[in-house]
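Comments concern the structure below.
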2 protein chains.
Amino acid sequence: MRNAEFDREKVLRAAMKAFMHKGYANTSMQELKKATGLHPGSIYCAFENKRGLLLAALEQYRVDRATEFDQFFANSHLALLNLKSYLDNVVVECISCDSAQACLLTKALNEIAEQDSEIQQIISDNLSLLQQSLAEKFEQAKAERSISADKDCHHLARYFLMGIYGLRTFAHTHPEAKVLEQLAEQLYHDVSQ
Amino acid sequence: MRNAEFDREKVLRAAMKAFMHKGYANTSMQELKKATGLHPGSIYCAFENKRGLLLAALEQYRVDRATEFDQFFANSHLALLNLKSYLDNVVVECISCDSAQACLLTKALNEIAEQDSEIQQIISDNLSLLQQSLAEKFEQAKAERSISADKDCHHLARYFLMGIYGLRTFAHTHPEAKVLEQLAEQLYHDVSQ
DNA sequence: CTCTATCTTGAATGTCCATTCAAGATATCT
DNA sequence: AGATATCTTGAATGGACATTCAAGATAGAG
């Protein structure tokens, strides 16, 4: 006869941020308590355990990213131009945010996927979904005659995603706007002709 | 009046492997003991502490990789062909090794660099060095007229390295030989014109 | 062969962590 | 207003961890 007081989405985004910043193993419950405002007991009540919190955060991340993705393609521009905007946004994120702001998925993939096949699967599925969404946009670009008809859109999507992964890692060591923009420009050039 | 009994290089390569496999935080001293054959006391005597072991392993990794790199370019082929071999080898590594066999540098970069600026610096320097070495090979390729004279070799090196980073991350989720080979092929095409 | 400096061993230490749980608080229902 | 189901709190727990250290082993010097 009483509802939870905390805002689940806010808590998950805070946890997300903490995990992205310090990694899973290095984020203690004490830090999660500070980040989320939830006491240990509440976290365990709501998410079973620390791993459960990560799983929930990953799911929230998926939802947030999917929404963000759709917004990039919700306007009336050509799909190829929207892909460019999407890529430019990755660069902006790389520059503006603290260096670890990579991506919860790749971060978790590096840290824990090897030791937890369920999380490995979830992350792989999420990234495959993103790849699939990108492929659809390339298909649209093809239909709009922005890219040549003989291109393999799935291949383009994979290459584009590979570039984004690389860009993020590169940004860790060289967070200089000019360089990252130049790399993104080249990547865009290579997938669009 | 007595020399250490263990082989420093062997120990460091074993530690490297353990760190690459499970990450730094998740590799306990107990596991390091098993992996290296050294008892805790010996590890502390030789490397100060766990972090010291990581630093030494990173240095060994740098040396090993530099040697490996030079071997790829020690033959008489054109530099551009050697770059292709180097890239193909990255793909082979991605396929053959256990999925986490990424690269100690990027692995550590993701996990700990944010919280340890000294390690961050060491890793960044190492990767910059690799980038510089790649740029030199592209310069050589230019001198050999394998690539056009108006190319920016430093840009090519950065893009090539970005692609390698991306390839490794991509391999975590899609370790299929055909796909990775295709991506590498495209990357090679894009840097060689 | 003896001595000693150095290495090796692994149990002991203290810290930190994820997790639990019982007491206290409070919203909702009757 | 009273009852009760549910949430919140935070101290307590047990385990795992990095690190230490003193005892034991051994290679080399004399």
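Hydrogens, waters and symmetry mates play no part in the numbers below; they use all other heavy atoms, side chains included. Since this is a predicted model, take the numbers as computed values, not measurements. By convention in this document, chain letters (A, B, ...) are assigned in the order of the sequence lines, proteins followed by strands, and residues within each chain are numbered from 1.
Residue Met29(B) has its side chain nearest to dT19(D) when only dT8(C), dA11(D), dT19(D) are considered. Considering only the side chain of Ser42(A), dT9(D) comes nearest among dT9(D), dT9(C), dG10(D).
Atom pair Ile43(B):CD1 and dC7(C):C1' shows a separation of 14 Å (rounding to whole Å applied). With rounding to whole Å, Leu38(B) atom CG is found 13 Å from dG10(C) atom C1'. Spacing between atom CG of Asp7(A) and atom P of dT8(D) amounts to 12 Å, rounded to whole angstrom units.
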Task: Residue pair Asp116(B), Arg51(B): steps toward the side-chain contact (heavy atoms from CB on, under 4.5 Å) verdict - done: CA-CA 10 Å; Asp116(B) 189 323; Arg51(B) 181 172 179 276; 2.6 Å; yes

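Sequence neighbours left out, the pairs with a member in residues 110-146 of chain B that pass ring-ring contact (aromatic ring centres under 6.0 Å, His included) are Phe138(B)-Phe160(B). For residues 27-51 of chain B, no residue pair satisfies the ring-ring contact (aromatic ring centres under 6.0 Å, His included) rule, not counting sequence neighbours.
DNA chain D lies under 4.0 Å from at least one heavy atom of each of the following residues of residues 46-56 of chain B: Asn49(B), Lys50(B). Of the residues in residues 30-37 of chain A, not one comes within less than 4.0 Å of DNA chain D through any heavy atom.
In this structure, Tyr44(A) reaches the dT19(C) phosphate: one of its side-chain N or O atoms is under 4.0 Å from OP1 or OP2. Taking 4.0 angstrom as the limit, His39(A) places a side-chain polar atom (N or O) nearer than this to OP1 or OP2 of dG10(D).
Scanning for salt bridge (charged side-chain N to carboxylate O under 4.0 Å, His left out) contacts around Asp190(A) gives an empty result, with sequence neighbours left out. Partners of Arg158(B) under the salt bridge (charged side-chain N to carboxylate O under 4.0 Å, His left out) rule, at least two apart in sequence or in another chain, do not exist in this structure. Every residue two or more places apart in sequence or in another chain that forms a salt bridge (charged side-chain N to carboxylate O under 4.0 Å, His left out) with Asp88(B) is listed here: Lys84(B). For the side-chain contact (heavy atoms from CB on, under 4.5 Å) test, residues two or more places apart in sequence or in another chain that qualify with Asn89(A) are Glu68(A), Phe72(A), Glu93(A). Legend: residues meeting side-chain contact (heavy atoms from CB on, under 4.5 Å) with Ser124(A), ordered by chain and number and at least two apart, are Gln120(A), Thr173(B). Take Asp64(A) and apply the salt bridge (charged side-chain N to carboxylate O under 4.0 Å, His left out) test, not counting sequence neighbours, and it matches Arg13(A).
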Under 3.5 Å, side-chain donor or acceptor atoms of residues 130-137 of chain A against the rest of the protein: list the pairs with distances, not counting sequence neighbours.
unit_1: Ser133(A); atom_1: OG; unit_2: Leu129(A); atom_2: O; d: 3.0

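Remark: side-chain polar atoms of Glu31(A) are paired, donor with acceptor, to backbone N or O of Ser28(A) under 3.5 angstrom.
Backbone-only engagement by Ser28(B) is indicated by non-hydrogen atom pairs under 4.0 Å involving sugar-phosphate atoms exclusively.
Helix-axis bend for the helix from dC1(C)-dG30(D) to dT30(C)-dA1(D): the local axis fitted to the five terminal pairs at one end deviates from that at the other end by 0°, rounded to 10°.
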